[in-house]
Number of protein chains: 2
Amino acid sequence: MTEGRSRRPGPRIEEVARVAGVSKSTVSRVINGEKYVSERSRQAVHRAIALLGYSPNHAARTLAGSKANAIALVISEQGSRVLADPFFAGVLRGVHAELAGRHVQLLLMMNQPLDGEDQIAYLTGGHVDGALVVSLHGEDPLPRTLHETGLPIVVGGRPLAGGSVPFVDADNFNGALGAVRLLISLGREKIATIAGPHDMAVGMDRLSGWRCGLAEHGMPVELVAHSSEFSPECGALAMEELLRRAPDLDAVFVAADIMALGALRVLQERGYRIPDDVAVVGFDDSVLASTAVPPLTTVRQDVERFGRTMTWRLLAELAGEEKLPQSMLLPTSLVRRASA
Amino acid sequence: MTEGRSRRPGPRIEEVARVAGVSKSTVSRVINGEKYVSERSRQAVHRAIALLGYSPNHAARTLAGSKANAIALVISEQGSRVLADPFFAGVLRGVHAELAGRHVQLLLMMNQPLDGEDQIAYLTGGHVDGALVVSLHGEDPLPRTLHETGLPIVVGGRPLAGGSVPFVDADNFNGALGAVRLLISLGREKIATIAGPHDMAVGMDRLSGWRCGLAEHGMPVELVAHSSEFSPECGALAMEELLRRAPDLDAVFVAADIMALGALRVLQERGYRIPDDVAVVGFDDSVLASTAVPPLTTVRQDVERFGRTMTWRLLAELAGEEKLPQSMLLPTSLVRRASA
DNA sequence: GCCCCGTCTGGGAGCGCTCCCAGAACCCGC
DNA sequence: GCGGGTTCTGGGAGCGCTCCCAGACGGGGC
C-alpha cells in the first residue's frame, strides 16, 4: 500500500461501475438522471451505489461539469435583522427541506459592510449556480444587480426596486384584506392600521389590503400610522399617534405581530380592554402572537412553504424548465385568537 | 441551456504564471502562502494576480488538494427551535464575521428526520474540513459521533454527552451566580428559580450558579421548578408551581428570557407587582427582555462573540495550531432593567 | 435488400488546481 | 577542491468526475 497522497475516503465512481458491471459513463448518467439508460443498468447502478455507500465527489463534479452544484442563500441587509426574525428561521427550514436529496450545497452568505463588490464577484464567478436572496428593504439594489448579471435568482419578498426579478412572497394584500373583513364582520366601525415603513413592499402591500377592505364598505381610510421599522417600540409609538388622532377607535390592524406587541402594551396602559374596546389583528403568526397577552388574532403565512417555494422556483429554473411564473404569491390564512 | 462545454470565466493559474514569468507551481505556492518562494517571484505573482483579476477555482483546489476549503454549520435537533432563537442569529453573524476574507465556504446543514446517517457520511466524506455544531439538547449524540470520526468540530453550548469534544459556551454558571447575588443585594430573601430541562447543560449550569449563589449566604435552595422546554408556556407552568409551593416568594431567577415572559404573565395575573412584590431576572438578554412589561433585568451573553469564538477555534485547529483550549467559556454581564 | 434514426454503451480527454519529485543554485565548513 | 545542507524552481502526474465522440444494436421506411 504505497499511498503517498492521502485520498479521500469512500468509493469512486469507477468502483460503482465495476460492481454494477457497467462503465463509469453509465453510472454518471444514472446519477444525473439522464435518459438513454436501460432500466437494467439503472437498477444495477442503484444497487451498487447502495451497496458501496457511494456519494459523488462534489468538487470533481463541479470541476468537470458546467455547473457548480451549489446555490447561495444571500442574506442581504446587514443580516442581523433578518436573522433574528423567526420568519427567516422557517424559510430556512423550507429551503433545506426542498434541497434534501438533491446534490446541491447550500452556501450561506451575508453581505457585510466590507464586501459588496466582492460578493457579487463571488456569486457571478461560477461558484454557485443561482441564489436565493432574502432582503428586507425593498429598495435594496442587490437583487436587481445580481439578476442583471444573468445569475438565476429568486428573491424572498417582493422587491420594490424590482424590475423583473423573480420573487416569492406571501399574499400580503389579501391577507390584510381578510383581516379587515373580519374586523368589519365583528361590527367594528373605526378601524385603524399601523403600517410598516414606506420602503418595504411587505408593508405597502398590507396597507393596500387594509385600504381596499375599508373601501369595499365605504369606510374612511384615514387612520394610518407608519412605523419606521418592524419593532415593538415603533409599534407602540404608532399606536400612541393613532390614539391621539382617534381616541375612540375600536380596531387596529397591525402589519406585523412584533409591532402589535408594542401596540398592545400602549392600549393596555391607557386602559383599553382588548378586544372589548379595541380589537387587534396582527400579521405573521409568529411565535410572539400566541404568547402575547391576550393571544393575538393574526394573519398566518406559511413560512416553511415560503422557503420551499423559493427553492423550488430556483431549481426549476436551473433545470431549464420553461414557462415558470415570474413571481409567486402564497396564500395566507386568518388565525383567530383572543384579540379580535 | 447546453452550450457545449462552457468554461468558467476568468483567467487560470497558467495565465498568471505566464504574466508573472514563473511556473504555475510557484504561483500555487504564493497563493497558499508557502515558504521557499523568493521575494521577487512573490511580488511578480501578486502583481499578475491583481492585473488579471485572478481568483482561484474552489472546486479545483478542493479536488487536487487535501482539504475541502469549506466548513459546515450543522444545526442539530430539528432546526426549527434553534433557528427561531434570536440567539442563533447572532451566532451566525459572528461565524460569518470570523470567516470573512479567508477562502472558506460556509455550508449550512440541518439534520432532518431523514438523514442522520447520511449527514455523518457527508460530513466525514471529505466535503468539509470541519464543522460547527449548534445543538440544543445536551444529550445529542451527534457532536460526539462526529468528533470520534476525527472530524475537527466545535460545539456551541456545552454538550452533556460530551466526552472531550471541544466546545464554546457562555459562562452560564457565573452568569446565574451574578443574578442571584444581585437579588440578594436587593434584600430578597426567598429566591426561587425556574430551571431549564434536565437534559440541557445550559439549564443545569445556570441552576448550579443559582444554587451556589444562595449557598454562599446560607440560604435554602429548595425552590426549584424545572420546565420541560424553553418556552413561555413552560415558564408559566413552572411559575404556577412555585407560587403554589411558596406564595410568599420575593424573587425568581428564570433560566431564559423566553420563559420569564410566561412567568411574568402568571405573576401579574395573580396580582403580584414587579419588582415590588417579586423581582424577576432572566437570562440571555434577547430582544424579548427589553420589550417585556416591565422590561426584564437579565444576564447578557454576547452571541456574536459566541459565533466568532467557535469559528476561531475551529480554524485554528484546522491550521494545525497547538495548545488550543479544549473548551472556552465566554463572560456574561448583568443588564439592569425594571424587573429587578 | 438498403439507409436512417433512436436507443444505449464504453472510452478517454480534460476541468484547474496541488503536490511530489528532481534538480538548479547557492551557501557553509572542511 | 569536495560533500551536504538549505533555498528556490519547473515539470508533470493525478484528484474524480462530466461530457464528447464513436460505435453497437435494433426497428422502422423505402
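All chains are named by letter (A, B, ...) in the order of the sequence lines, taking the proteins before the strands, and each is independently numbered beginning at 1. Hydrogens, waters and symmetry mates play no part in the numbers below; they use all other heavy atoms, side chains included.
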Verify side-chain contact (heavy atoms from CB on, under 4.5 Å) between B/Asp169 and B/Leu330, making sure each step is shown before the conclusion. CA-CA 6 Å; B/Asp169 204 347; B/Leu330 303 177; over 6 Å; no

For the pair A/Arg93 and A/Glu304, evaluate salt bridge (charged side-chain N to carboxylate O under 4.0 Å, His left out) and give the outcome as yes or no after the intermediate values. CA-CA 6 Å; A/Arg93 261 205 323 285; A/Glu304 188 162 336; 3.2 Å; yes

Checking B/Ile31 against B/Ser28 for the side-chain contact (heavy atoms from CB on, under 4.5 Å) test, could you report, in this order, the C-alpha distance in whole Å, the side-chain angles of both residues, the deciding distance, and whether it holds? CA-CA 5 Å; B/Ile31 292 170; B/Ser28 174; 5.6 Å; no

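Between the CZ atom of A/Arg40 and the P atom of C/dC8 there is a distance of 12 Å, given to the nearest Å. Atom pair B/Tyr36:OH and D/dG10:P shows a separation of 17 Å (rounding to whole Å applied). We find that CD1 of A/Ile31 is positioned 15 Å from P of C/dT9, with the value rounded to whole Å. Atom CD1 of A/Ile13 is separated from atom C1' of C/dT9 by 14 Å (rounded to the nearest Å). Distance CD (A/Glu34) to C1' (C/dG10): 14 Å, rounded to an integer number of Å. One atom, NE2 of B/His127, and another, P of D/dC15, lie 17 Å apart when rounded to the nearest Å. Across the protein-nucleic acid pair, B/Arg18 atom CZ and D/dT9 atom P stand 19 Å apart, rounded to whole Å. When the P atom of D/dC8 is taken as reference, atom NZ of B/Lys35 falls 10 Å away, rounded to whole Å.
OP1 and OP2 of D/dC19 both lie 4.0 Å or more from every side-chain N or O belonging to A/Ser25. Between A/Ser66 and C/dC15 there is no side-chain polar atom (N or O) within less than 4.0 angstrom of OP1 or OP2. Dashed line: the shortest gap from a side-chain N or O of A/Asn57 to OP1 or OP2 of D/dC15 is not under 4.0 Å.
Closest of all the heavy-atom pairs between B/Ile153 and B/Pro166 is O-CG, 3.6 Å.
Listed nucleotides D/dC17, C/dT9, C/dT18 differ in distance to A/Thr26; the shortest reach to its side chain belongs to C/dT9. Listed candidates were C/dC8, D/dC17, C/dC17. Nearest to the side chain of A/Ala60 is D/dC17. For B/Val37, taking side-chain heavy atoms from C-beta onward, the closest of the listed nucleotides C/dC17, D/dT9, D/dT18 is D/dT9. Closest approach to the A/Ser38 side chain among C/dT9, C/dC15, C/dG10 is made by C/dT9 (side chain taken as heavy atoms from C-beta onward). Residue A/Arg29 places its side chain closer to D/dC21 than to any other of D/dC21, C/dC15, C/dC17.
Using a 4.0 Å heavy-atom distance criterion, A/Ser41 is classed as a sugar-phosphate-only contact.
Within 3.5 Å, a donor on the side chain of A/Lys24 pairs with an acceptor on the base of D/dT18, or the reverse. Contact of A/Ser23 with C/dG11 (side chain to base): no donor-acceptor pair of N or O atoms is detected under 3.5 Å.
For the pairing with B/Leu73, the side-chain contact (heavy atoms from CB on, under 4.5 Å) check across B/Leu106, B/Thr311, B/Val133 returns one residue only, B/Leu106.
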